[in-house]
Amino acid sequence: MMIDDLTPAERRVWEAFPRGVSVHFGAAEDGATDDVAADGADGRPGRTVRAAVLRTLLLTAPREEGEVAALKIAGARITGTLDLKYATVDSVVRLSGCHFEEVPDFSGAQLAYLNLTGSVLPGLRSARVRVDGGLRLTHCRFGGPVKLTGAQISGTLFMERAEFTAPDGEEPALRLNQAEIGEELCAPGLRARGEVRLAGARVAGSVDLNDARLDRPDGVALTAETLTAEADVELRRAQVRGRVEMRGARVAGRLDLSYARLAHPGGTALRASSCVVGELWLRGGPRMEGVLNLRRSQIEVLFMEPDVVPPQVRLNDLTYTSLLSHLPAPRRLPMLAQDDDGFIPHSYEQLTAAYRRIGDDDAARLVQLAKQRRRRATLPWYGRLWGLVQDATVGYGFRPLRAAVWLLSLLAVGSVAYALHPPEPLKADEAPEFNAVFYTLDLLLPIIDFGQERTYAPEGAGQWLSYVLVITGWILATTVVTGVTRTVSRQ
C-alpha cells in the first residue's frame with residue numbers, strides 16, 4: 001500500500017507508528033460534534049482507519065533507528081477485517097476505545113502485547129494466539145463470540161467489566177478452554193449472556209470473577225471442567241443464572257463463592273465433583289437454587305453454611321479435613337438427609353470425623369445416632385422394629401446415660417417385686433439371708449456375684465421376671481460399658 005493512498009486519519013497513524021506515538025481521535029476531532037469526526041476532503045470520516053492499513057503497518061512498515069515502533073490508537077473506527085492470523089507481530093498493539101466493524105482475526109498469531117480496552121467489537125477470533133506479554137480486554141463490549149481456545153498468554157489476561165454476548169445462545173459467548181495463562185485471569189465485574197467456557201484452562205495465579213454476572217438460564221453458564229488454578233478461584237458476590245460446571249477442577253487455593261447467588265431451578269446449580277480443592281467457601285449468600293453436587297471431591301477446608309445449602313445435595317464420597325464454621329450437629333445433619341442418593345454412610349462418617357478432630361465428642365455421637373436412625377429406614381420391617389427398640393432403650397449405644405436409667409428402673413421394679421414375693425431358697429440351711437436389691441443386681445449385672453442368684457430359685461411370674469432381668473441386664477450393661485469406653489478413649 002502506497003503512502004499516497006492514505007486518508008488524513010490513516011496518515012497520522014502511519015507517521016506515529018515508527019516512533020510509538022499515540023494517536024487519539026476525539027469526539028470533537030476536526031470540529032465534529034458527535035462521535036464521528038468531520039469528513040475530510042476525500043469524503044472519508046476523519047476518524048476512520050482501514051484494517052488493511054493497520055495490518056500493513058504491523059507486518060511491513062519500516063522502523064526508525066533508535067525508536068520503538070508501536071501501534072497506539074484511541075477512539076478510531078476500524079473498517080474491514082483486521083486479519084493477523086498466523087502473523088508474528090513484535091510491536092505493542094493498543095487499540096483502545098475503538099469501534100470495529102468486522103471481527104478481528106488473531107488466530108495462531110504471535111503478539112508481543114495486545115490492548116483493546118474500551119473497544120466495541122462484533123466478536124473476536126483468536127484461537128491458539130500467543131501473547132508474550134499481557135492481553136487486556138478491559139471494558140470491551142463484544143456483540144458476538146470471543147474465541148480464545150488454546151491461547152497462550154505469558155502475562156495476565158485482563159477482562160474487568162467486559163461484556164460478552166452470544167446472540168444465538170448456542171455458541172459460547174467466551175471460549176477460554178485449553179488456554180494457558182502465565183499470571184492471573186483478572187475479570188471482576190465480567191458480564192456474559194451465554195456460556196463462558198474455561199474447560200481445561202491452566203492459570204498460574206488466581207482467577208478473579210468477583211461480582212461477575214453470568215446469564216444462561218437454560219443451560220451451562222460457566223464451564224470450568226478440569227480447570228487448573230495454582231492460587232484462588234473467586235466468584236464472590238457473583239450472580240449466575242444457569243449451571244456452574246467444575247467437574248475435575250484443581251484449585252490449589254480457595255474456591256470462594258461467598259455471597260454468590262447461584263440459580264438453576266430444576267437442574268444442577270453447582271457441580272464440583274471429583275475436584276481437588278484447598279478450601280471451598282459457600283457462605284453469606286442466599287440459598288442455592290438447584291442441586292449442589294460435591295461427589296468424590298477432596299477438600300482440605302470446607303466452609304459451608306447450612307443456610308446456603310439447597311434442598312437437594314449429592315455428597316457421596318466427599319472427603320474433607322476441616323469443616324467451618326463450628327456449628328451444633330443438629331444444624332449440619334439436615335444436609336446429609338437431603339442427599340439425592342439416599343442413605344450414604346460415608347457422609348455421616350466424614351461429619352463424625354470432623355467433630356472428633358476438634359474434640360466435640362457429643363456432636364460426633366449425635367451424628368452417629370442420626371446415621372443409625374437413617375439406616376433404619378432402609379431395613380425390612382423386623383429390622384426397623386428392632387431398631388426402634390434399640391433407639392428407645394439405649395439410643396443405639398450412643399446414649400449410655402439412658403441405659404443407666406433403664407438399669408436403675410429395672411432394679412427398682414425387681415427389688416419391689418422380689419421383696420413382696422421372695423423366691424424360695426434352694427437349700428434353706430446354706431442360703432444367705434435374702435436381699436431383694438442384691439438379688440435383682442445379681443440378675444441384672446452379668447459379671448457381679450452377690451451370692452443371691454445361685455441360692456434362690458423364683459417360680460411362676462418371678463421366674464419370668466428373672467429371665468427378663470438377665471437378658472436386659474446383659475444388653476444394658478454392655479451399652480453402658482461401651483459408652484464409657486467411647487468417652488474415655490475420645491477417638
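Everything quoted here is computed from the prediction, not taken from an experiment.
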*Test side-chain contact (heavy atoms from CB on, under 4.5 Å) on Leu235 and Leu262 and set out the steps.*
CA-CA 10 Å; Leu235 289 100; Leu262 306 184; 6.0 Å; no
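In summary, the side chains of Ser107 and Arg125 do not present any donor paired with an acceptor at a separation below 3.5 Å, with no hydrogens or angles considered. For Ser273 and Arg247, the side-chain atoms include no donor-acceptor pair closer than 3.5 Å. No side-chain donor-acceptor contact under 3.5 Å links Gln110 and Thr88. Using modelled atom types, one finds a donor on one side chain and an acceptor on the other under 3.5 Å when comparing Ser22 with Arg94.
Separation of atoms CG (Leu270) and CG (Leu280) is listed at 7.5 Å; rounding is to 0.5 Å.
The side-chain tip of Arg374 does not point at the ring of Phe343 from less than 6.0 angstrom away and within 45° of straight on. Stacking of Arg12 on the aromatic ring of Phe25 is recorded, both the 6.0 Å distance cut-off and the 45° axial limit being met.
Judged purely by atom type and a 3.5 angstrom limit, Gln350 uses its side chain to pair as donor or acceptor with the backbone of Tyr320. Listed for the Arg191 side chain is a donor-acceptor partner under 3.5 Å among the backbone atoms of Gly189. Between the side chain of Arg261 and the backbone N or O of Ala238 there is no donor-acceptor pair closer than 3.5 Å. Looking at Arg216, its side chain never comes within 3.5 Å of a backbone N or O of Gly242 through a donor-acceptor pair. Glu245 contributes no side-chain N or O that, together with a main-chain N or O of Glu225, makes up a donor-acceptor pair within less than 3.5 Å.
Across every non-hydrogen atom of Ser119 and Gly97, the tightest pair is OG-N, 3.4 Å. Scanning all heavy atoms of the two residues, the minimum distance from Leu351 to Leu333 falls at CD2-CD2, 4.2 Å. Contact record, Ala76 with Ile73: CB-CG2, 3.5 Å, taken as the closest heavy-atom pair. Of all the heavy atoms in Gly219 and His264, the pair that sits closest is O-NE2, 4.1 Å. Residues Leu124 and Phe142 share a closest heavy-atom pair of CB-CE2, 4.0 Å. Heavy-atom minimum distance, Glu300 versus Gly278: CB-O, 3.0 Å.
Checked for salt-bridge contact, Glu195 and Arg197 meet the test: a charged N lies under 4.0 Å from a carboxylate O. Salt-bridge check for Asp339 with Arg295: failed, with every basic side-chain N at 4.0 Å or more from each acidic carboxylate O.
The closest side-chain heavy-atom distance from Cys186 to Glu160 is below 4.5 Å. Counting only heavy atoms from C-beta outward, the side chains of Arg332 and Leu323 approach each other to under 4.5 Å. In this structure, the side chains of Leu148 and Leu135 come closer than 4.5 Å at one or more pairs of heavy atoms.
For His326, the ring pair (Phe, Tyr, Trp, His ring centres under 6.0 Å) test picks out Tyr355, with sequence neighbours left out. In this structure Asp317 satisfies the salt bridge (charged side-chain N to carboxylate O under 4.0 Å, His left out) test with no other residue, sequence neighbours excluded.
Considering Asp211, Asp256, Asp208 in turn, Asp256 is the only one that fulfils the side-chain hydrogen bond (donor to acceptor under 3.5 Å, both in side chains) rule with Arg236.
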